[in-house]
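Here's the structure, in structure tokens; my notes come after.
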2 protein chains.
Amino acid sequence: MKNNIPPATVQRLPLYLQCLEQVDINSVGISSKKIAEIAKVNDAQVRRDLSYLGTLGTRGVGYDILTLRKQLELELGLVDGLSAIIIGIGNLGSALAEYGGFKEKGFKIVGLFDSDSNKLNKQIGNLAVKPLSEIKDTCEKYNVAIGIIATPEKVAEEIADKLIDCGIKSILNFAPVMLKNKPGIQIRSVDLSQELQILSYYLDRQPLKVAK
Amino acid sequence: MKNNIPPATVQRLPLYLQCLEQVDINSVGISSKKIAEIAKVNDAQVRRDLSYLGTLGTRGVGYDILTLRKQLELELGLVDGLSAIIIGIGNLGSALAEYGGFKEKGFKIVGLFDSDSNKLNKQIGNLAVKPLSEIKDTCEKYNVAIGIIATPEKVAEEIADKLIDCGIKSILNFAPVMLKNKPGIQIRSVDLSQELQILSYYLDRQPLKVAK
DNA sequence: GAGTGTGAAAACATTCACAGCT
DNA sequence: AGCTGTGAATGTTTTCACACTC
């Protein structure tokens, strides 16, 4: 929180959190070596990364799993129960809406929006799909932090602008399009086919160097 | 193809391809500066990255868009029309099955599989959902290169093993679980909630350093 | 003995800045 | 004049290796 954590490390923190969640339920402590093995990184890397969060381990012993989890969650800002909305309730949007992993990690999906009137009022979980015109209300009511774009690429840009207009500062974009830079706004794009393309590059090659 | 391209560059190649696809349809050439602007990277970076693919640009002029696309596709191995299958036809699996971006980028989804008998024969596009027992047949018939895992996390590991057993060498994993290392197998994991977590870290902070 | 935390070294990646081509 | 390709400089990340603690 206080100090600057290198971007490469920030990228790995959620990974470590995932690792901690899948270790044997009755282990109370864990070594950097063990984390490294699960996360498939070097153990010195794990120690260096975790050292940015403070002095969390005990020499000769290792890390206390619960303490470490708490600290990772704190550092990532997961403790505040951030609210998010999803725009574009097609297949992908629906999948995201029902995806349990968000809730588990402390995110709350508080709105689903689509411009297609056929989808209006479609119920997913305890939420009904609403028209885009209601985005602003929801953002104000729930103090929405993150907008998740799952629309077709043609409208992604205008949706992004709309979200920003509603005061949203962080966008997770699943539309396969490069959004324009918006000053002061954090945008992360996940392009599913780009992931396949990277895999494709490493196909049939000697894995001298393993895909990141 | 011939020479070793740095991993950081490989990661960006699909991005450049995406950029080329969204420039004005009647432009025939493009400068590194323009690509850099769309991809939000430094222009020297673009030139350096592209220089790994050979001498593709013309000094004083820029890059020919068509040539560059062809070369990127060649380098990424997208020209062979790689076949992929999807295992786990829940919301996410269905979304992936209908996702147009794969086809567009030269991937062919040739099989959908689920262990839930209620889903069997469910039709998505021109494919019907099949039981896991038919994976092997499909792999042999279509020479499947990539397996996409969209199952619940509990079974992801065993599905991965099954895929490897069927001769698959590359796996794209959407289950929120760290798969064990399998020698000689390329695994990429996309964890949707990890993406949100990274965004969360950068929330409300001064964007001195922008999230990668 | 086991395992962290961290200087120092090595490896890797990005950016500058400019010669060279069109 | 405009833009690439690339040495050289700079910045970042990873890894080694070991002093230190339990």
Side-chain angles (χ1 to χ4, degrees), chain A residues 2-13 15-16 19-20 23 27-68 71-72 75 198 201 207-212, chain B residues 3-13 15-16 19-20 23 27-68 71-72 75 198 201-202 207-212:
Chain A
K2 46 255 133 180
N3 37 3
N4 257 35
I5 300 185
T9 294
V10 172
Q11 194 107 300
R12 278 187 298 267
L13 296 184
L15 195 71
Y16 297 148
C19 291
L20 295 182
V23 293
S27 336
V28 46
I30 192 168
S31 67
S32 59
K33 192 147 162 268
K34 182 77 179 148
I35 296 175
E37 184 196 322
I38 302 173
K40 298 182 209 99
V41 299
N42 180 288
D43 62 324
Q45 176 104 262
V46 174
R47 294 198 297 280
R48 169 91 50 197
D49 284 342
L50 296 181
S51 77
Y52 290 116
L53 314 190
T55 301
L56 294 169
T58 310
R59 290 177 188 225
V61 178
Y63 301 88
D64 176 70
I65 293 179
L66 203 62
T67 310
L68 193 46
Q71 192 58 33
L72 283 165
E75 199 67 43
I198 295 167
Y201 176 84
L208 296 164
K209 202 77 204 188
V210 144
K212 252 230 296 235
Chain B
N3 37 1
N4 258 38
I5 299 184
T9 294
V10 172
Q11 196 106 303
R12 279 186 299 267
L13 296 183
L15 196 71
Y16 297 148
C19 292
L20 296 181
V23 294
S27 336
V28 46
I30 192 169
S31 67
S32 59
K33 193 147 160 270
K34 182 79 180 143
I35 297 175
E37 184 197 322
I38 303 173
K40 295 179 212 102
V41 298
N42 180 288
D43 62 324
Q45 176 102 262
V46 174
R47 294 199 296 280
R48 169 94 47 199
D49 284 342
L50 295 181
S51 77
Y52 290 116
L53 314 190
T55 301
L56 294 169
T58 311
R59 289 175 189 226
V61 178
Y63 300 88
D64 177 69
I65 293 179
L66 204 61
T67 310
L68 192 46
Q71 192 58 33
L72 282 166
E75 198 67 43
I198 294 168
Y201 177 84
Y202 289 106
L208 297 164
K209 203 77 202 188
V210 144
K212 252 224 303 226

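Convention: sequence-line order gives letters A, B, ...; per-chain numbering from 1.
The list of salt bridge (charged side-chain N to carboxylate O under 4.0 Å, His left out) pairs with a residue in residues 28-42 of chain B, not counting sequence neighbours, is empty. The salt bridge (charged side-chain N to carboxylate O under 4.0 Å, His left out) contacts involving residues 48-62 of chain B comprise B:Arg12-B:Asp49, where partners must be two or more places apart or lie in separate chains.
The separation between B:Leu53 atom CG and D:dG5 atom P is 10 Å, rounded to whole Å. Rounded to whole angstrom, the span from the CD1 atom of A:Ile30 across to the P atom of C:dT4 amounts to 10 Å. Regarding A:Leu15, its CG atom lies at a distance of 12 Å from the P atom of D:dT14, rounded to whole Å. Going from atom CZ of B:Arg12 over to atom C1' of C:dC12 covers 12 Å, rounded to whole Å. Distance, A:Asp49 CG to D:dT13 C1': 10 Å, rounded to whole Å. If you measure from atom OH of A:Tyr52 to atom C1' of C:dG7, you get 12 Å, rounded to the nearest angstrom.
Residues forming a side chain to side chain donor-acceptor pair (under 3.5 Å) with B:Thr67 (at least two apart in sequence, or on another chain): B:Asp64. Take B:Thr58 and apply the side chain to side chain contact (heavy atoms under 4.5 Å, CB included) test, not counting sequence neighbours, and it matches B:Val61. Applying the salt bridge (charged side-chain N to carboxylate O under 4.0 Å, His left out) rule to A:Asp43 yields the partners A:Arg47; only residues at least two apart in sequence or on another chain are considered. The side chain to side chain donor-acceptor pair (under 3.5 Å) check on B:Asn42 picks up nothing, with sequence neighbours excluded.
Using a 4.5 Å heavy-atom cutoff, the side chains of B:Tyr63 and B:Leu20 are not in contact.
Considering only side-chain N and O atoms, B:Ser32 lies nowhere under 4.0 angstrom from the phosphate OP1 or OP2 of D:dC3. Between A:Tyr63 and C:dG5, a side-chain N or O to OP1/OP2 separation shorter than 4.0 Å is present.
Within 4.0 Å (heavy atoms only), A:Leu56 reaches sugar-phosphate atoms of the nucleic acid but no base atom. Residue-level contact check: B:Thr55 touches the backbone only, with heavy atoms under 4.0 Å from sugar-phosphate atoms and none from bases.
Rounding to the nearest 0.5 Å places CD1 of B:Ile198 at 9.0 Å from CG of A:Leu15.
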What pairs of nitrogen or oxygen atoms, one from the protein and one from nucleotides 20-22 of chain D, lie under 3.5 Å apart?
unit_1	atom_1	unit_2	atom_2	d
D:dC20	O2	A:Arg59	NH1	3.2
D:dT21	O2	A:Arg59	O	3.4
D:dC22	O4'	A:Arg59	O	3.1

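Within residues 33-48 of chain B, the residues that have a heavy atom under 4.0 Å from DNA chain C are, in order of number, B:Asn42, B:Ala44, B:Gln45, B:Arg47, B:Arg48.
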Which is it for A:Val10 and A:Tyr52 under the side-chain contact (heavy atoms from CB on, under 4.5 Å) test, yes or no, and what are the steps along the way? CA-CA 10 Å; A:Val10 172; A:Tyr52 290 116; over 6 Å; no
